Amino acid sequence: MREHYRFGPIEAKWQKAWEDLRAFQAREDDPRPKFYCLEMYPYPSGRVHMGHVRNYSIGDVITRFKMMRGFNVLHPIGWDALGLPAENAAIKHGIHPRDWTLNNIAHMREQLKRLGFGYDWSREVNTCLPEYYRWNQWLFLKMFERGLAYRRKSWVNWCPQCRTVLANEQAQGGECWRCETPVVQKQTEHWFLKITDYAEELLSGHGRLQEWPEHVLLMQKNWIGKSTGTRLVFPVPEWKTEIEVFTTRVDTIYGATFLVLSPEHPLVERLLSDPNVSPPLREWAGRAVHEAHTRRDPAEIVKEGMDTGLKAVNPFSGEEIPVWLANYVLMGYGTGAIMAVPAHDQRDHDFAVKYGLPIRTVIEPEEGGEDRPEGLAFEGQGRMVNSGPYSGRISREAVAEMNRYAESKNFGRESTIYRLRDWGISRQRYWGTPIPIVHCPKCGIVGVPYDQLPVELPRDANLTGTEGSPLERVESFARTTCPKCGGPARRDTDTMDTFFDSSWYYFRYTSPKEDSLPVDRRAAEHWMPVDLYIGGVEHAILHLIYARFFTKVFRDLGLAGNDEPFPRYLAQGMVTKDGSAMSKSRGNVVDPDDTIARHGADALRLFILFASPPDKEFAWNEDGIEGCSRFLHRLWNTVRDCRRIFDEAAPSGADLQTGDGVSGLRRRTHRTIKRVTEDIETRVHLNTAVSSIMELVNHIRRAGEEAAATDAGREALREALESALLLLAPFAPHICEELWEATGHATPLVRTPWPDYDPGWASEEKAVIVVQVNGKLKDRFEIASGTPEDVLREQALSRPKVRAAIGRARVRKTVCIPDKLVNIVVG
RNA sequence: GCGGAAGUGGCGGAAUUGGCAGACGCGUAAGCCUCAGGAGCUUAUGGUCGCAAGACUGUGUGGGUUCGAGUCCCACCUUCCGCACCA
């Protein structure tokens, strides 16, 4: 072994060795229990960044740990290779998106290999290749057949910068999720996936996700936004039509003094088509529609509205009330129309006050509701008043009866609604999966037959970045014949949202070469579900909810048997530097390649795992990595020094049960094995696992000299040293392999089992008892573990310092906790 | 506004079940080694007071429960995150 630690050649050597060994290739016919460890696959932007390094380092520790623990581990990687940046690069630099993407992948693949991550590269998937995206098309057609994919005209979020339609989720806060440009509204036909069919199951499935962070479940729950109430119809006699509203407070209906429609409500179109409608109303409605979607800061939005002049009839009371339009009613939630109860809803109250509409109290607090604050609606439950036959009833109790009455009279029913909306997947871009649909003037919308898949992206699209869909202008692509009638027809020229790809890629890893179905059912049954999924919390809503949705669709299509893809999800924290996220715009990016060149992959991995727990933010700091680099050098030197000791007097397999200096080292070794095993296995607290390995190594250095004196000592030293290498191997695999080999092992570490600990050795022989007087620490003493309480008490009371602290005070009570402390209460 | 998470040394962070606060690492200081050091080794390192032994104090703030609270309860402050007129 060399005198000094040179990480460069060592890391290259072992990366090649693992590859030659096919150490990370997973096989279905392996009899050991399976473990599927998955990290979110990267977008091939060009370079691996620290967020990737962190994400994949965590996954690699789990992978290597589980392998050493005897599991058949599947640890795949691939590329989320379709999407906007490739196209923007093409426009900017004249490179074809395919070439740009494949070049980036080639470079990033090498970067990942240099980091020493143990992937099964034979399962690599790449979503921009037809071998992958043909299954997007296959899945789309299956969904189309089942009515899960459908086309409708709707207002869509349009990003003028990216020149594409965005899903609501991608336009949160009125800004494009990618470039933060304000989103505008357009009305077009496009494709939706009916995720709302699964709203209830996506919500109830949370019950099975106990191993998810609670806040992620909560975010999803809010996103799904289940709400139970009543649907009611208000007749509009003048137009011989009716307006349907949704309310959670049917008990307040006698206080409904007007109805409000969203400016986007379908009835508004009819209203405005009337030539007699007043110009101000027409103008206001048009403006409100536009503003409804370009809103920036919700706090700035002022409630505005106008009277339509129409009247509707309250189905319970028969009262005729005015119909208004107002900007505070959203078309996207419920029915797009509400009954306004100003006395019992703050928003309605504010609106009624502004426009002088009547406010009628119909609920009174059950006790002492005399001094209600001015200007505030009473939104609580209480006793019903002014409510016809229901007056005097308790509001909470009347709801069920009112629902039944509405249903019996056929003007309403109890109903559940969700905030979740169907997922718009059409994109007017080039670098995506073509939607496998043909538009025939005779037959209408026709799916491309399965035997004609994939519908391949044409290579020669003109990517200028100008308005409209690039595929629309590629005549050779767009012009086709109808699969049904054979007549001339046009292809759908939209491409799919790339979240479609990532919604099922984890299935594809289980059988990446399968060529008759998206996934081989037997392989899916073998590997699914993913046992641990690791990735950034920024995907807590979008990606994770879409993936859960797709898993349920796979199940319903008979492709797989699981309900949930990721029973355990670890939401990894952000990587920051100088107080903010690393980003090009802030200029605080640290390049992993530079760090590897300076300190090696092992030091980088070790540091990124050591500096904070995986689920917390990680603050980069240049000095910190030097500490880890120093630790690896120390480890190297320690092994080198110990080898000299072993060379001089080889361990003879002496009895490890004896020897005094030996037992301390042994206890520490076994305690460390226990601690590290539990930290990785149950808590995934990798930072504390690393620190206890550091402690063990530090201890070996101090104890080495003394231990070297006896046979038993040398044996204990060897045990400690080898344990340290085994425990550290998942974190810093290259140096550990090298040192493992240097200490005379023929089998590589990657094929060596994780060490077991002896519970007897892992427990303490002696306990330090803390003595408190009135809860204040006064003294401590060492005693054999398991010493009974009365002996502890006696010992504690006899200590001079304790006696001094007690003085002449009377001992009222003593509290004894075996192996821990004695607290003497005086006074 | 609603919901959630978190506040511990100069810094990143430990403290697994209510029981020694500050593990491990960084930084800092002194010393050793060295031709040299942005290398290595040793020691010290929450704060205040003290020559010292030691004493007091200390986990965002204020209360509470308890023999004992970083940990449990109540109120508040700050920061971060999510949602945001959701009927």
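Naming: A, B, ... by sequence-line order, numbering from 1 per chain. Predicted model, so just to flag it, every value in this text is computed and none were measured.
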Proximity to the side chain of A:P613 - top-ranked nucleotide from B:A14, B:C85, B:C20: B:A14
message: Say we look at B:G4 and B:G68: how far apart would their C1' atoms be, to the nearest angstrom?
response: 32 Å
message: For a 4.5 angstrom cut-off between non-hydrogen side-chain atoms, does A:I359 reach A:H349?
response: yes
- request: Nearest-nucleotide wise, let me know which of A:Y333 and A:L777 is further upstream toward the 5' end of RNA chain B.
  value: A:L777
- request: Would you mind building the protein contact string for nucleotides 23-29 of chain B? One character per nucleotide, 5' to 3', B for base within reach (heavy atoms under 4.0 Å), S for sugar-phosphate only, - for untouched.
  value: BBSSS--
- prompt: B:C85 P sits how many Å from A:Y328 OH, rounded?
  reply: 13 Å
task: Please work out whether the ring planes of A:W620 and A:F618 are parallel, tilted or perpendicular, with thresholds of 30° and 60°.
output: perpendicular
Show the distances under 3.5 angstrom between N or O atoms of the protein and N or O atoms of nucleotides 67-71 of chain B.
residue, atom, partner, partner atom, Å
B:C67, O2', A:N823, ND2, 3.2
B:C67, O2, A:N823, ND2, 2.5

Between C1' of B:G40 and CG of A:D641, the distance in whole Å: 12 Å
task: For A:S387 and A:Y254, indicate whether the former's side chain and the latter's backbone hold a donor-acceptor pair under 3.5 Å.
output: no
query: Whole-Å distance between B:G19 P and A:R780 CZ?
result: 16 Å
- prompt: In terms of ring plane angle, is the pair A:Y546 and A:W423 parallel, tilted or perpendicular, where the classes change at 30° and 60°?
  reply: parallel
field: A:L542 CG to B:G82 C1', straight-line distance once rounded to whole Å
entry: 12 Å
message: So A:V329, base contact, sugar-phosphate only, or nothing? Heavy-atom distance under 4.0 Å.
response: base
- prompt: Is any side-chain heavy atom of A:V676 less than 4.5 Å from a side-chain heavy atom of A:L728?
  reply: no
message: I want to check something: taking the side chain as every heavy atom from C-beta on, are A:E626 and A:F607 in contact at a cut-off of under 4.5 Å?
response: no
- prompt: On a whole-Å scale, what distance lies between the C1' atoms belonging to B:U66 and B:C81?
  reply: 35 Å
field: Of the listed nucleotides B:C20, B:A87, B:U16, the one nearest the side chain of A:R683
entry: B:U16
For nucleotides 53-60 of chain B, print each protein N/O atom paired with a nucleotide N/O atom at under 3.5 Å, atom names and distance only.
residue, atom, partner, partner atom, Å
B:U57, OP2, A:K776, NZ, 3.2

message: What's the gap between B:G60 and B:A6 when it is taken at their C1' atoms, as a whole Å value?
response: 11 Å
- prompt: Take atom CD in A:E214; do more than 12 heavy atoms of anything else shown fall under 6.0 Å from it?
  reply: no
task: Remember a base hit wins even if backbone is also touched, and classify A:E617 as base, sugar-phosphate or nothing at under 4.0 Å, heavy atoms.
output: sugar-phosphate
- prompt: What integer number of Å spans the C1' atoms of B:G82 and B:C72?
  reply: 28 Å
- request: Evaluate the salt bridge (Lys or Arg N to Asp or Glu O under 4.0 Å) criterion for residues A:R675 and A:D679: first the C-alpha distance (whole Å), next the side-chain angles of each, then the deciding distance (0.1 Å), finally the verdict.
  value: CA-CA 6 Å; A:R675 173 91 200 260; A:D679 276 356; 3.3 Å; yes
query: Distance under 6.0 Å and angle within 45° of the ring axis: does A:K303 meet both against A:Y328?
result: yes
task: Taking A:T361 for its side chain and A:I363 for its backbone only, find out whether a donor-acceptor pair lies under 3.5 Å.
output: no
message: Please report the interatomic distance CG(A:N687) to OG(A:S692), rounded to the nearest 0.5 Å.
response: 9.5 Å
message: Please tell me if A:R702 has a side-chain N or O lying less than 4.0 Å from either OP1 or OP2 of B:U42.
response: no
query: Are any of the side-chain heavy atoms of A:V822 and A:I769 separated by less than 4.5 Å?
result: yes
message: Let me check I have this right: for RNA chain B, each base becomes ., (, ), [, ] or |, based on Watson-Crick or G-U pairs with both distances under 3.5 Å. What is the full string?
response: (((((((..(((......[....)))((((((.......))))))((((....))))..(((((..]....))))))))))))....
field: Which nucleotide in B:A14, B:A87, B:G19 has an atom nearest any side-chain atom of A:K820
entry: B:G19
task: Kindly label the base of B:G9 as syn or anti, based on whether its glycosidic torsion lies within 90° of 0.
output: syn
query: Atom CZ of A:F234 and atom P of B:A87: how far apart are they, to the nearest Å?
result: 17 Å
task: Answer yes or no: is there a side-chain heavy-atom contact under 4.5 Å between A:L232 and A:M402?
output: no
message: Using whole Å, what does the distance between atom P of nucleotide B:A21 and atom CG of A:L821 come to?
response: 10 Å
query: Which parts of nucleotides 1-8 of chain B does protein reach within less than 4.0 Å, heavy atoms only, written one letter per nucleotide 5' to 3' as B for base, S for sugar-phosphate only and - for none?
result: --SS----
query: Rounded to the Å, how far apart are A:K354 NZ and B:C85 C1'?
result: 13 Å
Candidate pair A:K226 and A:E200, rule salt bridge (Lys or Arg N to Asp or Glu O under 4.0 Å), full reasoning: CA-CA 8 Å; A:K226 181 178 178 172; A:E200 185 58 41; 2.9 Å; yes
query: Under 4.0 angstrom, heavy atoms only, what part of the nucleic acid is A:R701 near: base, sugar-phosphate, or nothing?
result: sugar-phosphate
- request: Verify, without hydrogens or angle tests, whether A:T787 (side chain) and A:I783 (backbone) share a donor-acceptor contact under 3.5 angstrom.
  value: no
message: Any carboxylate oxygen within less than 4.0 angstrom of a Lys/Arg side-chain nitrogen, looking at A:D641 and A:R644?
response: yes
Rounded distance in Å - CZ (A:F607) to P (B:G13): 10 Å
- line: Those residues at least two apart in sequence (or on a different chain) that pass side-chain contact (heavy atoms from CB on, under 4.5 Å) with A:L209 are A:H206, A:W212, A:L217, A:R548, A:E564
- request: Write down the distance separating the C1' atoms in B:U65 and B:G18, rounded off to the nearest Å.
  value: 11 Å
query: Taking atom NZ of A:K820 as the centre, does the number of heavy atoms from other residues, nucleotides or ligands within less than 6.0 Å exceed 12?
result: no
